[in-house]
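Just dropping this structure here.
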Amino acid sequence: MLEELEKLFSGIKTADSLNGLDMKTHHWFRLEDGEIIGLPANQLNERELALLHHIGSPITTPTGSSTDTAWDQLLHGEKMTAELTENPLYDFGCRFIFFTIEGHVKPEVFREAMDSLTDHPLACLWFTKQTGLLVESRHAESILYEEIVDMLMYDLSVPLRLFVSPWLHSVKDASEQYEWLLTAYRQVPSHSAKHVLYFHDAVPQLISILLPETDRKYIAHHILQGLNKDEELLRTVRMYFSCNQNLTLTAKKLYIHRNSLNYRLEKLTEKTGLDIRKFQDAFALYLALHSLP
């Protein structure tokens, strides 16, 4: 990969670690084989820079606390430091919050907004100007992101999307789990209706994404039985799932009587053979919906 890039750009630099990287003159990336390279900023246009983000992980040097730096080093496989292993803040574990900002916010403004949510400081790492990672330590009062995301977006004046990982029991295995969770975060569609997506909510999406396209096609075909061509019924099913299978709330959101909703669900059973009120049938239907192209 490096040889190919050298044919396109002159002045490429390589580095053994994150220490001393010149972030002003070069854009730095970590390739799949772990090699760290820097490409001259004055040779890259916006399109080329966007393409490079697909062949390597962009590197930004942490500008916050020493804890930020320690996390950056740990997650990129450089070293485990006492800053993390001996820090009582992480005695009960941690979790990752991957964020996507749909607009421009100064890093210090974003950091201040996030730190206001908890008495315990969050580590913050940036991937690009709009994406990055927060590390939350586990304490009695966890941050309920779905309850505060609207307030955050109002304060920051930009749309914000969060992907929240499960709790990790130990810092020591965080690096290995981070790699898989980062891949999961990148696989989840950015157009999800939810501004806060928890890992367990994304599992059906991830399963359908990881399946080969042919398998997804057949699952959708055999489970949906043409449901995707009935817009009213399809909208009803999706609303039912978005309301956590609450019939009363679903009817209210659809502006219909509950009896009308029951009639539609009976129609669904006739069409697909599935009773959406049963767990296994509901899961199969939910997975099939996420398998649609």
Side-chain angles (χ1 to χ4, degrees), residues 1-81 83-84 96-114 122-135 156-163 174-176 178-190:
M1 179 63 70
L2 179 57
E3 292 180 358
E4 296 299 320
L5 290 173
E6 287 176 334
K7 295 177 182 178
L8 300 173
F9 305 100
S10 60
I12 294 180
K13 293 183 177 180
T14 60
D16 297 325
S17 71
L18 300 181
N19 296 326
L21 298 184
D22 187 348
M23 307 301 292
K24 293 182 179 179
T25 62
H26 285 67
H27 291 291
W28 292 90
F29 294 85
R30 190 187 304 274
L31 302 181
E32 289 185 359
D33 60 5
E35 188 167 17
I36 298 173
I37 65 168
L39 291 90
N42 60 8
Q43 294 188 35
L44 299 174
N45 57 40
E46 289 296 324
R47 183 178 180 182
E48 290 169 336
L49 191 57
L51 289 172
L52 285 168
H53 283 204
H54 290 284
I55 64 173
S57 301
I59 295 173
T60 56
T61 301
T63 56
S65 67
S66 59
T67 304
D68 291 356
T69 302
W71 272 109
D72 190 85
Q73 292 173 334
L74 170 64
L75 297 181
H76 290 104
E78 292 192 10
K79 61 180 178 179
M80 176 80 72
T81 66
E83 177 76 28
L84 299 181
F96 301 133
I97 299 87
F98 298 91
F99 63 83
T100 301
I101 302 171
E102 298 177 3
H104 177 69
V105 176
K106 292 182 178 179
E108 59 270 21
V109 172
F110 178 76
R111 180 63 175 269
E112 182 179 354
M114 299 308 299
L122 301 169
C124 183
L125 309 177
W126 291 83
F127 303 149
T128 68
K129 292 180 179 180
Q130 281 80 39
T131 63
L133 170 74
L134 299 166
V135 184
L156 296 171
S157 300
V158 292
L160 178 67
R161 297 191 182 279
L162 306 176
F163 179 69
S175 179
E176 178 182 353
Y178 163 78
E179 291 294 335
W180 193 89
L181 290 165
L182 176 61
T183 301
Y185 156 68
R186 289 173 171 168
Q187 292 285 348
V188 174
S190 60

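None of these values were measured; they are calculated from a predicted model.
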Should the heavy atoms of other residues, nucleotides or ligands under 6.0 Å from CD of Glu112 be counted, would the total exceed 12?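 Counting other residues, nucleotides and ligands, CD of Glu112 stays at 12 neighbours or fewer.
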When you compare the side chain of Trp71 with that of Tyr178, does any pair of heavy atoms fall below 4.5 Å?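 Tyr178 does not reach Trp71 side chain to side chain.
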Quick one: CD1 on Ile12 to CD on Gln43, what's the gap to the nearest 0.5 Å?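 Reported value, rounded in 0.5 Å steps: 8.0 Å.
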Between Leu133 and Leu75, is any pair of side-chain heavy atoms under 4.5 Å apart?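 Heavy-atom side-chain distance check passes, below 4.5 Å.
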Tyr185 side chain near Thr100 side chain, heavy-atom distance below 4.5 Å: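 Touching, per the 4.5 Å side-chain cut-off.
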Work out which heavy atom in Ala123 is nearest to a heavy atom in Thr67; give both atom names and the distance.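 Nearest pair, atom of Ala123 first, then Thr67: CB-CG2, 4.4 Å.
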Supply the atom-to-atom distance Glu102 CD to Leu160 CG, rounded to the nearest 0.5 angstrom.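 Answer for the CD-CG pair, Glu102 versus Leu160, is 8.5 Å.
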Nearest 0.5 Å please: distance from the OG1 atom of Thr131 over to the CG atom of Leu125.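 So the OG1 of Thr131 and the CG of Leu125 are separated by 11.0 Å.
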Between CD1 of Ile37 and CZ of Phe29, what distance do you get to the nearest 0.5 Å?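 So the gap between those two atoms works out to 7.5 Å.
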State whether the number of non-hydrogen atoms from other residues, nucleotides or ligands found under 6.0 Å of Glu176 atom CD is greater than 12.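 Check fails, neighbour count at 12 or below.
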Measure the shortest side-chain to side-chain distance between Val158 and Phe110 over non-hydrogen atoms and say whether it is less than 4.5 angstrom.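 Contact flag for Val158/Phe110 side chains = no.
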Any chance you could measure Met114, atom CE, to Leu156, atom CG, to the nearest 0.5 Å?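 Going from CE on Met114 over to CG on Leu156, the span is 8.5 Å.
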Val135 vs Phe96, side chain to side chain contact (heavy atoms under 4.5 Å, CB included): CA-CA, chis, key distance, verdict: CA-CA 5 Å; Val135 184; Phe96 301 133; 4.0 Å; yes
Distance-minimising heavy-atom pair for Pro40 and Gly11: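 Pro40 and Gly11 have their closest heavy atoms at CG-O, 3.5 Å.
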Between Phe98 and Phe163, what is the ring plane arrangement, given parallel below 30°, perpendicular above 60°, and tilted in between?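 Ring orientation of Phe98 relative to Phe163: tilted.
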Arg111 side chain near Asp68 side chain, heavy-atom distance below 4.5 Å: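 In contact.
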Where Pro107 and Trp126 come nearest, the two heavy atoms and their spacing: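 The pair with the smallest heavy-atom distance is CA-CZ2, 3.6 Å.
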